2 protein chains.
Amino acid sequence: MNANPVDDIGLRARKKRARADAIVDAAQRLVLAHGFDAVTVEAIAEAAGISPRTFFNYFESKDDAVLGQGSFDLDAGFRGEFVAGGPTGRLTADLEVLAAALLGAVAGSDPHAPARVLELMQAEPRLLAHHFAWFERHKNQVEDLFTERHACRPLPTDPATCTMVVFVLVRAALDDWDAGGRQGDVTEHLPAALAKIAAVVNA
Amino acid sequence: MNANPVDDIGLRARKKRARADAIVDAAQRLVLAHGFDAVTVEAIAEAAGISPRTFFNYFESKDDAVLGQGSFDLDAGFRGEFVAGGPTGRLTADLEVLAAALLGAVAGSDPHAPARVLELMQAEPRLLAHHFAWFERHKNQVEDLFTERHACRPLPTDPATCTMVVFVLVRAALDDWDAGGRQGDVTEHLPAALAKIAAVVNA
DNA sequence: CTGCAAGTTTGCACCAAGTGCAATGTTGCG
DNA sequence: CGCAACATTGCACTTGGTGCAAACTTGCAG
């Protein structure tokens, strides 16, 4: 799921990627068309041109395939900058940058990914839960970032709280973008989202 | 799941409640002892003294039973007060009261419930997904509260953002309580949790 | 107390998700 | 070509979960 479109590491690997993409594509199309429960793994496998058994060689569960969720990794350069107290030095501003980086990592190479995933999640609340759980799995990655940063530029509070704020920020921006007709870039909504949150806790 | 220990509405109903409690208890004990995947519904049913089929008359899924997550309902009196702009009139203070009400509704009659659920989620990340699903299911209930309140005492921002803040507050308080050795009442940690969140967004 | 109606439990048959295993194909490479 | 590594597949099996209808419990009216 990282942004390396041209990994020339063998023909075999490329085929594998193509298959995975085909599965995700088939899964998403079918689920959007007929609803999650009405689509069986068998149907997805058939649409992707593989056997049902092979489906599970690629994804651990139907949910994973539908959300197309591999693992994500934050850009190493950005990570270094953030833990060193950057990029701007003001925590709130850096929070926004971090949230943007997260959104980028989620989207992967496909700019349409957030739209499709949002649509899916609206149609199938079940998947929202899965999506959050996936976030939770990567929570440590974000929390570590804050812990390291704390050493050189002390945080106003503990890393766990900072992490939660970042995730809320991501979610709020996504909601905002969705409410605004999904125009333009999700990250543009980050400042407004942060302002809204601040308005509540400072009321 | 509401806090009415002595609902004298029929003997039949009492029996039903007792069974449900027995199922949750059996499920939690077994899962904490052997791990989620090693415990079958059949085993839980047997431990609770019912047939496997009856298990599904009480809970929609194994996950629901393990988390003991029925539906919750906020106290009607409190709801009325909150939408009327109460109880204190200061939004942040009222947010804390709302969060406390949520924690109460979740815990139900058993004060140990939050501890067990936290422990379960730490041991079985799988359950996180379900926990979030539950959150999402009840999000509307809380959001409606804010929408109604807005009519008589305008909010600084939209109901959706307020709702997210409340849930983060709940979560943060729970974390805090957990970090402090799970002493005393979770709700005591709410003010500190709110302060921490404010510290981040105001940095 | 009797008997009926409504609600509950349970067994049974069934579908779908997911796993382990072993056979069968494919692919890359010396 | 031929072999070793890897990928696909079929098959049998476990488990979660549902629909249905029969049996049983319980509350209540007469």
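Only a predicted model underlies this, so the values are computations on that prediction, with no experimental measurement involved. No hydrogens, no waters, no symmetry mates; every other heavy atom, side chains included, goes into these values. Naming: A, B, ... by sequence-line order, numbering from 1 per chain.
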Study note, to complete from the structure: salt bridge (charged side-chain N to carboxylate O under 4.0 Å, His left out) pairs touching residues 150-171 of chain B, sequence neighbours excluded, are Glu136(A)-Arg171(B), Lys196(A)-Asp158(B), Arg171(B)-Asp175(B)
May I have the distance from [X] (atom [atom1]) to [N] (atom [atom2]), rounded to whole angstrom?
X        : N       : atom1 : atom2 : answer
Ile23(A) : dA7(D)  : CD1   : C1'   : 12 Å
Phe56(B) : dC12(C) : CZ    : P     : 17 Å
Asp63(B) : dT15(D) : CG    : C1'   : 13 Å
Arg19(A) : dC6(D)  : CZ    : P     : 17 Å
Phe59(B) : dG17(D) : CZ    : C1'   : 15 Å
Phe55(B) : dT9(C)  : CZ    : P     : 14 Å

For residues 35-46 of chain A, which side-chain N or O atoms pair as donor and acceptor with protein atoms under 3.5 Å away, sequence neighbours left out?
unit_1: Thr40(A); atom_1: OG1; unit_2: Glu42(A); atom_2: N; d: 3.4
unit_1: Thr40(A); atom_1: OG1; unit_2: Ala43(A); atom_2: N; d: 3.1

Review point. Can you check whether Lys15(A) has a side-chain N or O nearer than 4.0 Å to OP1 or OP2 of dC6(D)?
Key: no
Check your understanding: Has Lys62(A) got a side-chain N or O lying under 4.0 Å from the OP1 or OP2 atom of dG18(C)?
Key -> no
Review point. What residues, two or more places apart in sequence or in another chain, satisfy side chain to side chain contact (heavy atoms under 4.5 Å, CB included) together with Ala47(A)?
Key: Ala26(A), Leu30(A)
Review point. Who passes side chain to side chain contact (heavy atoms under 4.5 Å, CB included) against Asp25(A), sequence neighbours left out?
Key: Arg29(A)
Point to revise | Atom of Ile23(B), atom of Ala65(B) and distance for their closest heavy-atom approach | key: CG2-CB, 4.2 Å
Would you mind writing out the side-chain donor-acceptor pairs for residues 95-102 of chain B within the sub-3.5 Å range, not counting sequence neighbours?
none

Exercise for review: Would you indicate which nucleotide in dG18(C), dT18(D), dT9(D) comes nearest to any side-chain atom of Asn57(A)?
Suggested key: dT9(D)
Review point. What does Tyr58(A) touch in the nucleic acid at a heavy-atom separation under 4.0 angstrom: a base, only the sugar-phosphate, or nothing?
Key: sugar-phosphate
Point to revise | Neighbours of DNA chain D within residues 25-53 of chain A, by heavy-atom distance under 4.0 Å | key: Ile50(A), Ser51(A), Arg53(A)
